[in-house]
Chemist: 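Right, I'll just put the structure down here and ask away after.
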Amino acid sequence: MILDLFKLDGKVAIVTGSNTGLGQGICRAYAEAGAKVVGVSRRPSTETAEMLGDSFYNVIADLSTCDVIPRVIEETLNKFGRIDILVNNAGVIKRQDSIEFSEENWDTVLNVNLKTVFFLSQAVARQFMKQGEGGKIINIASMLAYQGGIRVPSYTASKSAIKGVTMCLANEWAKYGINVNGIAPGYMATNNTQALRQDEERSADILARIPAGRWGTPADLEGAAVFLASAASDYVNGFTVAVDGGWLGR
Ligand code: NAP
């Protein structure tokens with residue numbers, strides 16, 4: 001049955017940024033699809049844990065440094081015994097005019113959104129290769145993997161790079177049965193866009209350009225996230241799927 005291909009029964013997923021927003025939605029979707037989920041967050045994912053019960057385990061870790069990566073892998077293996085799926089969702093954005101943009105705002109964003117994403121993917125791919133059954137890596141990019149944005153140079157750099165790294169890793173790891181793909185969310189109503197949504201002029205401009213006529217929600221991302229984590233996407237490699245209400249096509 002075609003729908004069986006989308007099931008995640010018996011799979012173990014690591015999702016970073018599991019306490020809120022898009023990451024919380026992905027955790028919920030994976031648990032509903034049958035997976036055990038390890039959420040990585042720097043603050044406790046209390047609400048997510050309450051929603052998902054025994055299907056969920058929380059690793060507390062600040063992903064601004066790669067030092068935490070061995071512990072993320074170890075705690076996941078201790079709890080659930082294997083890893084099948086990694087979603088690199090945790091991300092941070094800093095807004096400042098480029099003419100004044102600080103080195104701190106550059107490094108903060110690049111460390112979380114790019115450096116840790118790469119080295120966590122590498123660590124998880126090594127585990128996939130040890131297990132010998134392939135695996136799925138999903139990187140959460142952005143419209144700013146395709147466009148320049150305004151006042152967010154480090155975020156644009158990180159998300160454009162993530163789209164490229166997604167293709168590079170797919171090229172190297174497809175032969176091990178590891179699918180590396182991305183999702184580029186459009187404008188979604190989460191903490192990440194709170195400042196934008198509070199700016200009446202920017203918010204109206206953005207809304208006017210979305211063909212679907214509304215901001216996205218975490219639930220809007222869940223279908224693509226399950227598809228790319230499941231056997232239904234076994235022949236999809238290195239592609240970043242836009243879930244954007246039509247923004248990019250406009
Ligand atoms: P969000 O609600 O702000 O979630 C971001 C998540 O990343 C939070 O769980 C946050 O934890 C976590 N995080 C940030 N820095 C971290 C660190 N150093 N260590 C561990 N966790 C850290 O925003 P969101 O919209 O759900 O964002 C999720 C992903 O989607 C991000 O990669 C974002 O760039 C991307 N995205 C969002 C949109 C949008 O419109 N919302 C559009 C395109 C792409 P804390 O809560 O502790 O900060």
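In this text, all values refer to a predicted model and were calculated from it rather than measured experimentally.
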Chemist: Among residues two or more places apart or on two chains, list those pairs meeting side-chain hydrogen bond (donor to acceptor under 3.5 Å, both in side chains) that have a residue in residues 3-17.
Modeler: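 Qualifying pairs: Asp4-Lys7.
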Chemist: Glu75 and Tyr57: side-chain donor and acceptor closer than 3.5 Å?
Modeler: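 Note: Glu75 and Tyr57 side chains meet the donor-acceptor criterion.
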Chemist: Assess the side chains of Asp62 and Ser64: does a donor N or O sit below 3.5 Å from an acceptor N or O?
Modeler: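 Result is yes, a qualifying pair exists.
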Chemist: Which atom pair, heavy atoms only, marks the closest approach of Tyr155 to Val92?
Modeler: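 So the minimum-distance heavy-atom pair works out to CD1-O, 3.3 Å.
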Chemist: Which heavy atom in Gln24 sits nearest to a heavy atom in Thr48, and how many Å separate them?
Modeler: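 Looks like NE2-OG1, 3.1 Å.
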Chemist: I'd like a table of donor-acceptor pairs (distance under 3.5 Å, sequence neighbours excluded) in which one partner is a side-chain atom from residues 118-128, with atom names and distances.
Modeler:
from, atom 1, to, atom 2, distance (Å)
Ser121, OG, Asn88, ND2, 3.0
Ser121, OG, Val117, O, 2.7
Gln127, NE2, Gln131, OE1, 2.9

Chemist: If you draw a 6.0 Å radius around CZ in Phe6, do more than 12 non-hydrogen atoms from other residues or ligands fall strictly inside?
Modeler: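 Result for CZ/Phe6: enclosed.
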Chemist: Salt bridge between Arg82 and Glu133, side-chain N to carboxylate O under 4.0 Å?
Modeler: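 Answer for the salt bridge query: yes.
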Chemist: So for atom CD, which belongs to Glu47, do other residues, nucleotides or ligands contribute more than 12 heavy atoms lying within a distance under 6.0 Å?
Modeler: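 It does not: Glu47 CD has 12 such atoms or fewer within range.
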Chemist: Could you tell me the separation between the CG atom of Asn179 and the CG atom of Leu169, rounded to the nearest 0.5 Å?
Modeler: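 It comes to 12.5 Å.
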Chemist: Hydrophobic side-chain clustering at under 4.5 Å (ILVMFWY, transitive links): who's grouped with Tyr146? Put none if nobody.
Modeler: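 Traced through the cluster, Tyr146 reaches Met143, Tyr187, Leu196, Ile206, Leu207, Ile210, Trp215, Trp247, Leu248.
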Chemist: Give a yes or no on whether a salt bridge exists between Asp234 and Lys136, defined as a side-chain N under 4.0 angstrom from a carboxylate O.
Modeler: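 Counted as a salt bridge, because a side-chain N and a carboxylate O are separated by less than 4.0 Å.
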Chemist: With side chain to side chain donor-acceptor pair (under 3.5 Å) as the test, would you mind laying out the steps for Asn105 and Thr108 before giving the verdict?
Modeler: CA-CA 5 Å; Asn105 278 348; Thr108 300; 5.2 Å; no
Chemist: Mind checking what makes side chain to side chain contact (heavy atoms under 4.5 Å, CB included) contact with Asn19, not counting sequence neighbours?
Modeler: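 By the side chain to side chain contact (heavy atoms under 4.5 Å, CB included) rule, Asn19 matches Ser41, Arg43, Ser45.
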Chemist: Nearest 0.5 Å, what's the OG1-CG distance between Thr76 and Leu86?
Modeler: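 Here the interatomic distance stands at 9.5 Å.
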Chemist: What are the two closest heavy atoms between Asp84 and Gly10, and how far apart are they?
Modeler: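 Taking every non-hydrogen atom into account, OD2-O, 4.0 Å.
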Chemist: Could you list who else is in Met1's hydrophobic cluster, with ILVMFWY side chains joined at under 4.5 Å, directly or through other members?
Modeler: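 When side chains under 4.5 Å apart are linked, Met1 ends up in no cluster with other residues.
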Chemist: Got a second to check how far Ser154's OG is from Asn111's CG, nearest 0.5 Å?
Modeler: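 So the OG of Ser154 and the CG of Asn111 are separated by 10.5 Å.
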Chemist: Show the nearest heavy-atom pair for residues Ser18 and Val15, with the distance to one decimal.
Modeler: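 Taking Ser18 first and Val15 second, the nearest heavy atoms are CB-O, 3.9 Å.
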Chemist: Taking all non-hydrogen atoms of both residues, which atom of Leu221 and which atom of Pro185 are closest, and how far apart?
Modeler: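 Scanning both residues completely, I find the closest heavy atoms to be CD1-CB, 4.0 Å.
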Chemist: Which pairs pass side-chain hydrogen bond (donor to acceptor under 3.5 Å, both in side chains) with one or both residues in residues 166-177, sequence neighbours excluded?
Modeler: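 For residues 166-177: Asn139-Thr166.
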Chemist: Under 4.0 Å between a Lys/Arg side-chain N and an Asp/Glu carboxylate O for Arg95 and Asp199?
Modeler: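 Salt bridge: no.
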Chemist: Rounded to the nearest 0.5 Å, how far apart are NZ of Lys79 and CG of Leu77?
Modeler: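 So the gap between those two atoms works out to 13.5 Å.
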Chemist: Spell out, yes or no, whether Val37 and Val87 are grouped together once hydrophobic residues are joined by side-chain heavy atoms under 4.5 Å, including indirect joins.
Modeler: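 Val37 and Val87: one cluster.
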Chemist: Over all heavy atoms of both residues, which pair between Thr116 and Leu63 is shortest? Give the atoms and the distance, please.
Modeler: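 Nearest pair, atom of Thr116 first, then Leu63: OG1-O, 2.6 Å.
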